[in-house]
Amino acid sequence: MAYPAALREAYRAELQGIREKGIYKEERYIHSPQAAGIDVEFPAGAGLKRVVNLCANNYLGLSSHPEVVAAAHRGLDERGYGMSSVRFICGTQDIHRELETQLTAFLGTEDTILFPSCMDANGGVFEAVLTDRDVMIADRLVHASIVDGMRLCKAMQDTYKHADMKHLEQKLQEHQDKRARMIITDGVFSMDGDLAPLDQIVELAERYQAMVFVDDSHASGFMGRTGRGTPEHFGVQGKIDIITTTLGKALGGASGGCVSGRQEIVDLCRQKARPYLFSNAVPPPIVYAALKVLEILSTSTERRDKLEANTAFWRKGLKEAGFVIKDGESPIVPIMLFNAKLSQDIARDLYAEGIYVIGFFFPVVAAGQARIRTQLSADHDIPMLAEALEAFKRVGAKYGILGLDKKGIIEKYGL
Amino acid sequence: MKDIILEYVKNEYLDEDEAEEIGLDENTPLISSGIVDSFSMVSLKRFLEKKYGIAIPDDQATPEAFNTVASIVELVKRHQGEKGA
Ligand SMILES: Cc1ncc(COP(=O)(O)O)c(C=O)c1O
């Protein structure tokens with residue numbers, strides 16, 4: 001053991017620095033299952049408070065759905081708790097393969113490989129299929145797990161301005177000398193709630209001979225008419241070479257992720273992707289529950305339809321109340337406040353009103369782009385959202401920001 | 001050199017009206033203001049290396065060295081000098 005005092009001091013100083021910047025993250029303890037209404041202990045030691053949850057990725061309200069919970073129980077009873085093995089040694093049950101097959105059918109791809117998480121899928125896929133003769137061209141706002149995955153890969157890295165097709169085209173032209181080009185984007189961007197223009201991206205990819213990679217973590221299960229994700233929304237199903245997505249958000253909310261797409265790419269991941277080779281298999285209860293989720297979504301669009309209605313109500317209500325929101329079609333609805341402290345103050349006041357939301361600011365989002373990100377769920381209902389809206393209006397009025405545009409808010413509160 | 005790099009930064013990182021709005025010049029902070037981050041910085045570094053025929057080691061491609069066009073010019077000149085010497 002050697003944990004020198006000087007090192008301990010250095011760590012403490014670093015932690016103190018994080019506190020002084022006001023970006024120290026505190027966990028809030030939730031004493032109930034994940035749902036639209038939750039019991040929260042915050043700050044630690046405080047009594048429980050019942051709040052409306054507007055910051056979960058529980059888009060379809062399936063995280064605690066009785067049928068999903070029952071399926072997980074059945075998985076536990078029939079196939080046990082854990083695999084104690086990675087997939088390729090003795091960690092693959094028939095149900096793992098069944099889930100891959102069902103995901104393939106759901107996403108409309110050629111094949112699918114499960115990973116312990118989507119972070120792992122993004123961490124492993126690029127290195128498995130690209131070499132130093134290739135180039136990765138990513139939207140600048142892709143998720144952190146994609147940035148990390150790209151860093152682990154020897155292919156050249158490049159980026160384009162967020163959703164800027166002219167800039168992407170410029171980059172594709174610039175890299176015509178490479179063996180392979182891969183355009184990399186999120187389907188729905190997690191902090192802004194806007195969609196990558198996949199129809200245009202696919203067109204550019206065809207013109208400039210590039211593969212397309214889409215992380216559909218914030219879309220699988222609800223975007224598109226039958227919830228198959230952003231490729232369905234844009235009418236380009238079957239044209240996306242690699243889709244990664246998570247089971248940890250709309251699709252049950254537990255954990256697990258996948259790479260789905262071209263046969264050879266999935267096969268190469270099974271041979272080479274390090275998080276697949278070196279991390280434990282997804283446990284049977286989760287596999288059973290995920291199969292149940294896909295079954296529910298394949299028999300009815302009721303839940304994604306309700307989410308869509310909730311989203312429309314929420315977006316319209318916030319706009320009419322005079323908030324500045326990022327326009328879009330997804331259930332991720334950011335309320336723009338620009339000033340970091342204002343986002344923290346408003347989130348705190350909303351919590352007092354029984355609304356659980358989080359203020360995001362630099363470096364999680366760009367400087368001067370502080371916001372409160374709200375996320376809708378099929379578990380919400382209109383009366384609940386109407387009440388939440390009233391709370392937002394009260395707090396918005398208190399800070400005098402209703403009806404102000406970006407310029408007005410910045411004039412009042414600064415950046 | 002300064003103008004060429006400014007032009008590149010404008011094209012690569014800003015929207016048309018943004019450059020005007022923030023009054024981009026050689027002293028505008030790029031990294032600390034969030035205009036450029038470590039992820040998007042890669043293309044700027046590659047541009048400089050290609051354009052000026054130099055190699056900037058990763059440990060010199062620091063947020064400080066890349067924070068303004070003025071400091072980038074300095075960095076490039078230093079490397080050009082080394083190459084010439
Ligand atoms: C776009 C995106 N990709 C990947 C992930 C990671 O997913 P997982 O929780 O399965 O690792 C997230 C979750 O935060 C995400 O938002």
Side-chain angles (χ1 to χ4, degrees), chain A residues 21 23 122 126 132 135-175 177-178 184-186 191 338 340 360-371 406-407 410 415, chain B residues 3-69 71-72 75:
Chain A
K21 277 195 208 146
I23 53 174
N122 290 338
F126 302 113
D132 56 7
V135 63
M136 308 174 278
I137 310 174
D139 187 290
R140 290 212 174 123
L141 291 191
V142 293
H143 189 256
S145 57
I146 294 177
V147 176
D148 286 2
M150 287 172 64
R151 289 193 170 131
L152 292 171
C153 174
K154 291 198 174 59
M156 181 181 277
Q157 285 179 38
D158 209 339
T159 56
Y160 61 96
K161 288 186 262 192
H162 176 52
D164 186 329
M165 293 298 104
K166 251 173 56 193
H167 200 209
L168 171 59
E169 181 165 17
Q170 212 176 303
K171 297 286 183 165
L172 286 164
Q173 287 166 347
E174 204 177 293
H175 294 298
D177 58 334
K178 302 294 186 300
I184 298 170
T185 183
D186 290 9
M191 282 296 151
F338 309 103
F360 291 96
F361 49 92
F362 186 72
V364 177
V365 295
Q369 292 283 314
R371 68 196 61 184
K406 173 178 178 180
K407 223 173 121 227
I410 293 173
L415 274 183
Chain B
D3 290 336
I4 292 174
I5 299 176
L6 271 173
E7 187 57 30
Y8 180 83
V9 166
K10 203 169 92 187
N11 261 326
E12 181 71 11
Y13 299 106
L14 299 167
D15 293 330
E16 272 146 40
D17 40 353
E18 252 177 347
E20 204 127 318
E21 225 174 86
I22 61 168
L24 177 76
D25 66 22
E26 72 268 30
N27 297 315
T28 307
L30 302 175
I31 310 264
S32 58
S33 64
I35 294 172
V36 181
D37 61 21
S38 59
F39 185 45
S40 59
M41 201 175 94
V42 179
S43 55
L44 173 57
K45 177 171 178 282
R46 201 162 43 233
F47 166 78
L48 297 170
E49 293 182 328
K50 206 164 157 201
K51 179 94 194 162
Y52 299 105
I54 54 175
I56 306 170
D58 283 341
D59 64 348
Q60 290 185 28
T62 60
E64 293 77 35
F66 275 73
N67 200 33
T68 64
V69 169
S71 62
I72 292 169
L75 179 75

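Excluded from the calculations below are hydrogen atoms, water molecules and symmetry mates; all remaining heavy atoms, backbone and side chain alike, are included. Letters go in sequence order (proteins before strands), and every chain restarts at 1. This one's a predicted model, so the numbers in the text were calculated from it and none came from an experiment.
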Side-chain ion pair, B:E12 and A:R140, N-O less than 4.0 Å: yes
Atom CD of B:E20 with >12 non-hydrogen neighbours under 6.0 angstrom: no
Heavy-atom contact with chain A under 4.5 Å, split by part of B:I35: neither
Any donor-acceptor pair under 3.5 Å from B:R46 side chain to A:Q157 backbone: yes
Part of A:D148 within contact of chain B (heavy atom distance under 4.5 Å): neither
Atom NZ of B:K10 with >12 non-hydrogen neighbours under 6.0 angstrom: no
Between CG on residue B:D37 and CG on residue A:L141, distance to nearest 0.5 Å: 9.0 Å
Salt bridge (charged side-chain N to carboxylate O under 4.0 Å, His left out) contacts in which one or both residues fall within residues 23-34 of chain B, not counting sequence neighbours: B:K2-B:E26
Contact summary for B:F39 and A:A138, nearest pair of heavy atoms: CZ-CB, 3.8 Å
Smallest separation among heavy atoms of A:A367 and B:S33, with atom names: CB-O, 3.4 Å
Contacting moiety of B:S40, where chain A heavy atoms sit under 4.5 Å: both
Minimum heavy-atom distance between A:K161 and B:D15, given as atom pair plus value: CD-OD1, 4.0 Å
